[in-house]
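Here is how names work: the chains are called A, B, and so on, in the same order as the sequence lines, proteins then strands, and each is numbered from 1.
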Amino acid sequence: MNLLKLSWYNLKANILSTLLNVLLLSFGIGIIALLMLASDQIGKKLESNAKGVDAVVGAKGSPLQLILSSIYQIDNPTGNIKQSEAQMIMRNQAVKLAVPLGLGDSYEQFRIVGTNAKYAELYELTLAEGKPFDTLFEVNIGATVAKVKHLKIGDSFHGSHGLVEGGEEHHEHNYKVVGIFKESGSIADNLVLTSMPSIWAMHTESTAHEAPHKHQQGEVETMGPDAGFEESKLVHDQFHGEAPLEETTTPVPAPIENQNEPEITSILIKYRSPVSVVTFPRFVNTQTNMQAASPAQESARLFSLIGVGVKAMQWFAGLIIIISIFSVFISLYNSLKERKYDLAIIRTMGAPRSKVFLLIITEGLLLAIIATFIGLLWSHGALEFIGHNQDTEQTKLTGLTFLKDEWKLIFGGLVIGLIASVIPAIQAYKVDISRTLANS
Amino acid sequence: MISINSVKQFYNGATQLHFNDWLVNSGEHWLMLGGSGTGKTTLLHIISGLLKPTEGNVNIEGTDLYSLKGADLDHFRGRNIGVIFQQPHLIKNLNVLNNVIAAQYFAGLKEDKKRALEVLESLGLSSKTKSLPAELSQGQMQRVAIARAVVNHPKIVIADEPTSSLDDENTDSVLKLLEEQAERNKATLVIATHDERVKKRLTRQYML
């Protein structure tokens with residue numbers, strides 16, 4: 001026999017009001033936990049994906065769209081930029097590392113990204129097996145892609161046109177898996193990486209043999225079939241990060257004159273020095289017909305947009321918790337009227353005032369802690385369920401990770417139990433045994 | 001031993017109850033008789049350590065009861081005085097056995113299941129240990145209340161109108177059990193009543 005057991009029996013005896021209280025409180029706590037978990041996971045995803053990227057240069061348009069498409073791989077790209085212009089940016093003094101991206105194709109729900117070996121370097125990707133992509137149509141795939149599509153080294157597949165499932169398939173060439181990355185927790189887990197020339201070649205063939213198809217915004221434009229071998233070899237090497245950019249001998253043609261010049265979608269840029277944070281974007285935005293966007297700024301902007309919704313939900317959850325405090329308080333207070341005589345008997349049996357005080361407090365705490373755990377349980381369950389039914393592989397949520405801050409919720413739950421039960425407990429403390437017994 | 005000396009109780013400064021001095025020796029069985037309004041319950045509460053009299057003192061087994069304060073008084077009461085009320089007032093969400101064990105717990109004594117079962121058996125409740133109070137008859141509930149009052153080997157057992165809600169048969173058996181239990185636990189027994197059926201049984205009587 002102890003206070004916990006007695007409280008438990010009491011809660012069980014009033015099962016309906018206990019259920020209502022647990023339901024309310026667990027709902028409030030659960031929403032807060034859900035918000036905490038989701039914003040932590042999304043925040044971490046955003047952060048890890050933008051890690052190391054100081055700026056993204058691409059076609060003019062919405063900077064947020066540029067960041068979303070090039071870093072988080074969610075939105076459509078803003079358009080294309082000419083390779084020659086890209087090279088000019090890549091050679092800029094301020095740039096320490098530049099990674100070109102060519103978007104526009106996908107393999108079912110996964111995006112195919114034309115890039116070079118520096119992409120793996122930027123995202124600190126290591127191969128679990130196989131080798132880096134090198135020759136045409138070789139690809140490296142992210143861990144999730146391999147898992148979901150059951151792809152192994154040596155397997156091949158068709159890419160399709162467009163960023164959503166169901167695009168026109170490129171039947172002329174197969175992509176061949178030559179390497180699979182270890183799971184990195186970043187967006188790269190959901191990508192198919194290949195070389196820029198593979199992307200160009202995939203489209204060259206289709207335009208050469210078929211009627212020119214309509215291109216989506218941002219899709220990589222084809223390289224002209226008449227491009228000289230030497231040039232393409234050099235471009236190939238440059239885009240593999242093998243040939244120094246400075247050694248380009250071919251004069252950069254004016255973009256308007258060369259309709260067949262290959263295009264890319266965007267460039268991920270890492271600065272040489274922090275000074276460039278101000279100067280580089282200004283240079284790009286004013287001196288070229290491209291734009292430079294900062295992932296840090298844009299994700300902060302995005303977060304402040306989401307933040308409004310999160311705030312509203314938090315207020316909602318707070319309101320539910322306040323209602324649940326009242327509900328627990330009212331149930332304890334009402335049951336006290338009935339139990340006054342019981343408490344007097346308990347006192348007669350030798351229990352000091354402090355014990356009946358603690359008995360009521362324990363009841364409040366026990367209820368709150370049960371509700372808190374149920375709340376945490378369902379918030380994790382709900383998040384796992386949401387993650388399970390998510391289409392976008394990029395921001396997959398999971399309910400299987402725990403946050404340190406969840407301890408604060410448990411603590412908060414205890415405080416709620418305490419607040420709700422303290423007044424009834426004081427009432428119990430004050431029960432006049434003799435008068436209560438005499439009035440029965 | 002119970003002794004009360006010049007005990008007076010004032011209610012709101014107006015009503016005055018003056019109680020005659022009373023000495024109950026250890027092991028004796030007494031009846032406290034008086035109609036309603038004579039202060040029976042008040043005196044019972046005073047000697048049970050539930051109500052501090054306005055004047056006078058109460059001595060229980062050599063202890064000046066109201067020199068004890070707060071939790072000390074509660075502990076003393078829990079260990080030395082067993083009280084049985086007109087209504088059994090069992091804790092309704094605990095089963096019979098747990099109701100008896102709760103008396104040990106609230107008195108701050110070690111839980112002794114064997115002792116609890118032994119007392120229940122002596123009251124003929126062995127088969128009801130797992131039952132909830134709501135499943136018992138009035139007489140059975142009153143027997144559980146007796147078990148609860150004697151489980152801690154109290155020196156004094158005090159019963160307030162224990163038979164008023166019972167029929168003749170149950171009254172007889174409850175009184176018999178009360179005397180038997182007091183005897184068995186070597187406790188002093190005081191029964192407050194205005195029940196004619198009870199008056200015949202005990203010779204020592206304190207009139208209010």
Chemist: May I ask you to check whether over 12 heavy atoms, not counting those of A:Tyr333, lie within 6.0 Å of atom OH?
Modeler: no

Chemist: Rounded to the nearest 0.5 Å, what separates atom CG in B:Asn93 from atom CH2 in A:Trp8?
Modeler: 12.0 Å

Chemist: Give a yes or no on whether A:Phe316 atom CZ has more than 12 heavy-atom contacts from other residues, nucleotides or ligands under 6.0 Å away.
Modeler: no

Chemist: Measure A:Leu11 against the heavy atoms of chain B and call it side chain, backbone, both or neither at under 4.5 Å.
Modeler: neither

Chemist: Side chain, backbone, both or neither: which part of B:Phe85 has an atom under 4.5 Å from a heavy atom of chain A?
Modeler: side chain

Chemist: Give the minimum heavy-atom separation between A:Ala438 and B:His45, together with the two atoms involved.
Modeler: N-CE1, 4.1 Å

Chemist: More than 12 non-hydrogen atoms from neighbouring residues, nucleotides or ligands closer than 6.0 Å to NZ on B:Lys199, yes or no?
Modeler: yes

Chemist: Is it the case that over 12 heavy atoms from other parts of the model lie below 6.0 angstrom from the CD atom of B:Glu135?
Modeler: yes

Chemist: How close do B:Phe106 and A:Leu6 get, counting heavy atoms only, and between which atoms?
Modeler: CZ-CD1, 3.3 Å

Chemist: Can you tell me how far apart OH (A:Tyr9) and CD1 (B:Ile91) are? Round to the nearest 0.5 Å.
Modeler: 11.5 Å

Chemist: Quick one: which of A:Ile346, A:Asp432, A:Asn14, A:Asn2 has the most heavy-atom pairs under 4.5 Å with chain B, could you say?
Modeler: A:Ile346

Chemist: What distance separates B:Leu44 CG from A:Leu437 CG, expressed to the nearest 0.5 Å?
Modeler: 10.5 Å

Chemist: If I take atom CG from residue B:Leu73 and atom CZ from residue A:Arg347, how far apart are they, to the nearest 0.5 angstrom?
Modeler: 8.5 Å

Chemist: Inspect the surroundings of NE2 in A:His388 and state if more than 12 heavy atoms from other residues, nucleotides or ligands are less than 6.0 Å away.
Modeler: no

Chemist: Should we count CZ of A:Phe357 as having more than 12 external heavy atoms under 6.0 Å?
Modeler: yes

Chemist: Please classify the contact of B:Arg79 with chain A as side chain, backbone, both or neither, using a heavy-atom distance under 4.5 Å.
Modeler: neither

Chemist: When heavy-atom pairs shorter than 4.5 Å are enumerated against chain A, which of B:Asn98, B:Ile101, B:Ile81 gives the highest number?
Modeler: B:Asn98

Chemist: Evaluate the side-chain contact (heavy atoms from CB on, under 4.5 Å) criterion for residues B:His89 and A:Thr348: first the C-alpha distance (whole Å), next the side-chain angles of each, then the deciding distance (0.1 Å), finally the verdict.
Modeler: CA-CA 12 Å; B:His89 284 294; A:Thr348 306; over 6 Å; no

Chemist: Compare every heavy atom of A:Asp342 with every heavy atom of B:Lys92, then report the nearest pair and how far apart it is.
Modeler: N-OD2, 4.5 Å

Chemist: To the closest 0.5 Å, what do you measure between NZ (A:Lys5) and CG (B:Leu94)?
Modeler: 8.5 Å

Chemist: Does B:His194 NE2 have over 12 foreign heavy atoms under 6.0 Å away?
Modeler: no

Chemist: Tell me whether the count of non-hydrogen atoms from other residues, nucleotides or ligands lying under 6.0 Å of CH2 in B:Trp22 goes above 12.
Modeler: yes

Chemist: In Å and rounded to the nearest 0.5 Å, what is the CZ to CG distance from A:Arg353 to B:Asp74?
Modeler: 7.5 Å

Chemist: What part of A:Ile345 gets closer than 4.5 Å to chain B, counting heavy atoms only: side chain, backbone, both or neither?
Modeler: side chain

